[in-house]
Every structure is written in structure tokens, then in C-alpha cells.
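All values reported here derive from a predicted model rather than from experimental measurement. So you know, we letter chains A, B, ... as the sequences are listed, proteins then strands, and number each from 1.
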Protein chains: 2
Amino acid sequence: MSHDLPILDIDETVRTGGTTGLIGYRLRRAQLAVFQRFLSVFDELKLRPAEYSVLVLIGDNPGRKQTQIAEALGIKRANFVTLAHGLEERGLIERRASTGDKRANALHLTPSGAAFLAHARSFHEAMEAELIGRLGGPAKRDQLLDLLARLT
Amino acid sequence: MSHDLPILDIDETVRTGGTTGLIGYRLRRAQLAVFQRFLSVFDELKLRPAEYSVLVLIGDNPGRKQTQIAEALGIKRANFVTLAHGLEERGLIERRASTGDKRANALHLTPSGAAFLAHARSFHEAMEAELIGRLGGPAKRDQLLDLLARLT
DNA sequence: TATTGTTATACTCTATAACTATA
DNA sequence: TATAGTTATAGAGTATAACAATA
């Protein structure tokens with residue numbers, strides 16, 4: 001892998017000989033490919049990436065306020081409302097009255113939400129295993145996560 | 001870097017102890033961070049990532065049809081119309097009548113478009129150098145690009 | 001005054017269908 | 001029949017402002 005290879009290998013008839021950077025471009029391409037894979041795997045569960053991450057966070061941090069979960073995921077609290085409402089309508093989460101602060105909603109998984117999350121997690125783990133395989137093993141995965149962390 | 005660290009380090013009060021995968025999540029986070037950096041750097045040029053990639057491709061492949069440039073970048077040809085129109089209105093590109101096929105537009109940079117692109121490239125190269133620094137050098141960058149390619 | 005959840009709204013990006021003129 | 005460019009449109013995702021209830 002050299003930095004002066006063509007940016008594009010999608011269509012061999014269109015190429016660049018640029019020596020400019022391409023980290024952002026390749027990063028975006030890889031992210032889109034992985035997300036596309038996620039979408040197709042989670043299609044039958046009718047679960048979007050953001051919804052899955054919310055369930056994971058609530059499962060690991062029951063009782064938190066909407067603002068806390070939303071901020072941890074980089075979701076604006078205004079947009080989190082619709083997301084949480086959808087999960088609540090599906091019976092996966094509950095918005096209980098918070099003890100102490102009457103403004104806040106304490107988020108919890110319902111029993112069926114916990115079961116659903118366990119199922120979704122197994123899907124995710126299978127996908128992750130496939131990605132690790134493509135990367136060349138767990139050591140390569142750790143290498144990738146380390147490099148990504150340096151960009152964040 | 002181990003795989004059973006918390007997914008979230010944004011807010012220490014919200015964490016997961018999950019052993020599930022996080023490649024997609026970290027990939028998305030890193031991609032957003034890099035794109036955010038791109039947006040702030042290219043803000044004064046009033047240039048979006050997609051517009052920049054189009055200019056680069058036209059610069060390296062003058063005379064190509066809209067469809068060819070669009071497909072190479074994963075942009076729908078319907079959405080490419082507005083994008084190309086904006087670049088043309090700014091005097092950066094030209095849509096010339098294609099020789100042979102009267103349906104097609106042959107895309108070219110204008111002289112000022114070429115000068116503008118050279119300027120934008122220098123911005124991009126500086127950003128890329130900064131990213132390489134954060135990664136720990138060119139070897140690390142190549143390592144990252146190699147790993148990303150395996151995911152695509 | 002500040003914060004929580006909420007509504008309304010707008011802007012970008014992306015996706016599809018359908019049209020026209022050419023091939 | 002198929003392709004190139006275009007238009008219209010719809011759906012996500014994301015952003016801000018403003019409000020009522022509560023702190």
C-alpha cells in the first residue's frame with residue numbers, strides 16, 4: 001500500500017495519479033461499506049445503527065436520562081426524542097419517572113427489549129467476527145482500533 | 001488497545017462493559033472527526049468534500065462524462081447534476097458538448113478552476129500531513145489504508 | 001437562571017421515478 | 001431498447017430555536 005496509488009479503483013477508466021492525501025476518502029469508503037453491511041444484517045430486525053447503539057447503552061447503563069444517553073452517542077436531544085419514542089412504541093424500552101428530578105425520564109429496557117438486544121448482539125458479534133476475519137485476525141483489529149483512536 | 005474496553009469514552013459516567021464488536025462504531029466516529037476537520041478547513045473555500053473530490057477527478061480525467069465521474073465517486077447521476085451546476089456557476093468547471101455523443105457533457109476544469117483546485121489541494125495536503133502526524137508517521141498511514149482496504 | 005423533554009422547522013445527503021434527446 | 005442528462009420528489013440524518021415544566 002503506497003500513497004501514490006490512484007485514489008479510485010472503482011472504475012479503472014477513471015483514475016487519479018495524485019500524490020495528495022486520501023485518508024478521509026478511504027475512511028469514508030470503508031465506513032460506508034461497513035454500515036451497508038450492518039444495514040443488510042439488521043434489516044430483518046428493523047433496527048438502525050443508532051437504535052442499536054441506544055439499546056446497548058441503555059442495557060449497560062439503566063436508569064440514565066435521555067440527555068445522558070443522547071450526548072454519549074453524539075445525538076442531539078431534540079432528535080433523540082423521536083428515536084426513543086420509536087423504541088418505546090415497539091415495547092423495547094420504558095421511560096420511567098425519574099426519582100428526584102421530575103423533569104427527567106429514566107430509561108430502562110423492558111424484558112422483551114433485553115431479549116431483543118441479546119438477539120441483536122449475537123447478530124452484531126457475528127458481523128464483527130466476519131470483519132475481524134477480513135482484517136486478518138484480532139491483532140489486526142486492535143491495530144485498526146488503535147489507529148482510528150488517534151484520529152479521534 | 002483491547003476489545004473489551006468500554007465502547008464509550010466520551011462521557012465517563014456512561015459506559016458499556018460489552019465485549020461485543022465496535023469496529024463499525026469506531027470507524028464512524030473517526031470518519032466524522034476527520035470530516036469535521038475537513039469541513040472547518042475547507043469552510044473558507046466554500047468547498048464541500050464531494051465538490052472537492054469532483055474537482056480532483058475532473059482535473060485528473062478531463063473530458064469525462066458526468067456519469068463516469070459520478071459513478072466513480074458513488075454519487076447518483078441525478079444528484080450529480082446540482083453539484084456540477086454549482087461548480088459551473090462558480091466558474092470552476094465547464095460542461096462542453098461531447099465530441100461524438102450529443103447526449104453527453106464533457107467535463108473540464110476552467111483555468112480559474114485549475115488554479116482554485118491547486119489551492120484546495122495545498123489545504124488538503126496540509127490536513128493530510130496533520131493526520132499522518134497524529135497517526136504516528138507515513139508507515140502508520142499506510143498501515144491504516146491497508147486495513148481500511150480490507151474492509152472495502 | 002439553567003436544565004429536561006418536547007415540538008417545529010430547515011438543511012443536507014441520498015434514493016427513485018419519469019421525462020427528453022439522443023444512441 | 002438503452003443511455004445521458006435532467007427534474008421532481010421523498011426519505012433519512014442532523015441542526016437550531018423556542019416553549020412548558022421543573023430545578
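In the set C:dA23, C:dT4, C:dT16, the nucleotide with an atom closest to the side chain of B:D101 is C:dA23. Checking D:dA4, C:dT22, D:dT14 against every side-chain atom of A:N79, the shortest atom distance belongs to D:dT14.
Atom NZ in A:K102 sits roughly 16 Å away from atom P in C:dG5 (whole-Å rounding). Between the CG atom of A:N105 and the C1' atom of C:dT3 there is a distance of 13 Å, given to the nearest Å. Put simply, CG on A:L32 is 13 Å from P on C:dC13, counting in whole angstrom units. Rounding to whole angstrom units, CG of residue A:L39 and C1' of D:dG11 are separated by 14 Å. Rounded to whole Å, atom P of D:dT7 lies 14 Å from atom CZ of B:F80. Rounded to an integer number of Å, the gap from CZ of B:R96 to C1' of D:dA4 is 19 Å. Protein atom CG of B:L83 is 16 Å distant from nucleotide atom C1' of C:dC11, rounded to whole Å. Distance CD1 (B:I75) to C1' (D:dT6): 16 Å, rounded to an integer number of Å.
Using a 4.0 Å cut-off between a side-chain N of Lys or Arg and a carboxylate O of Asp or Glu, A:E130 and A:R134 qualify as a salt bridge.
Nearest-nucleotide assignment on DNA chain D puts the 5′-proximal partner with A:R48, out of A:R103 and A:R48. A residue-by-residue look at A:R77 and B:A50 shows that A:R77 has its nearest nucleotide of DNA chain C further toward the 5' end. Comparing B:K76 and A:A104, the nucleotide of DNA chain C nearest to each residue sits closer to the 5' end for A:A104.
For the atom pair CG of B:L32 and CD of B:Q36, the computed distance is 8.0 Å after rounding to the nearest 0.5 Å. With rounding to the nearest 0.5 angstrom, the CZ atom of A:R141 is 9.0 Å from the CG atom of A:L135.
The side chain of A:T67 places no N or O atom within less than 4.0 Å of a non-bridging phosphate oxygen (OP1 or OP2) of C:dT3. Contact annotation: B:K65 does not reach the phosphate of D:dG5 (side-chain N/O to OP1 or OP2, under 4.0 Å). OP1 and OP2 of C:dT4 both lie 4.0 Å or more from every side-chain N or O belonging to A:Q68.
When all heavy atoms of B:R90 and B:K46 are compared, the pair lying nearest together is NH1-O, 2.8 Å.
In this structure, the side chain of A:N79 does not engage the main chain of A:I75 through any donor-acceptor pair within 3.5 Å.
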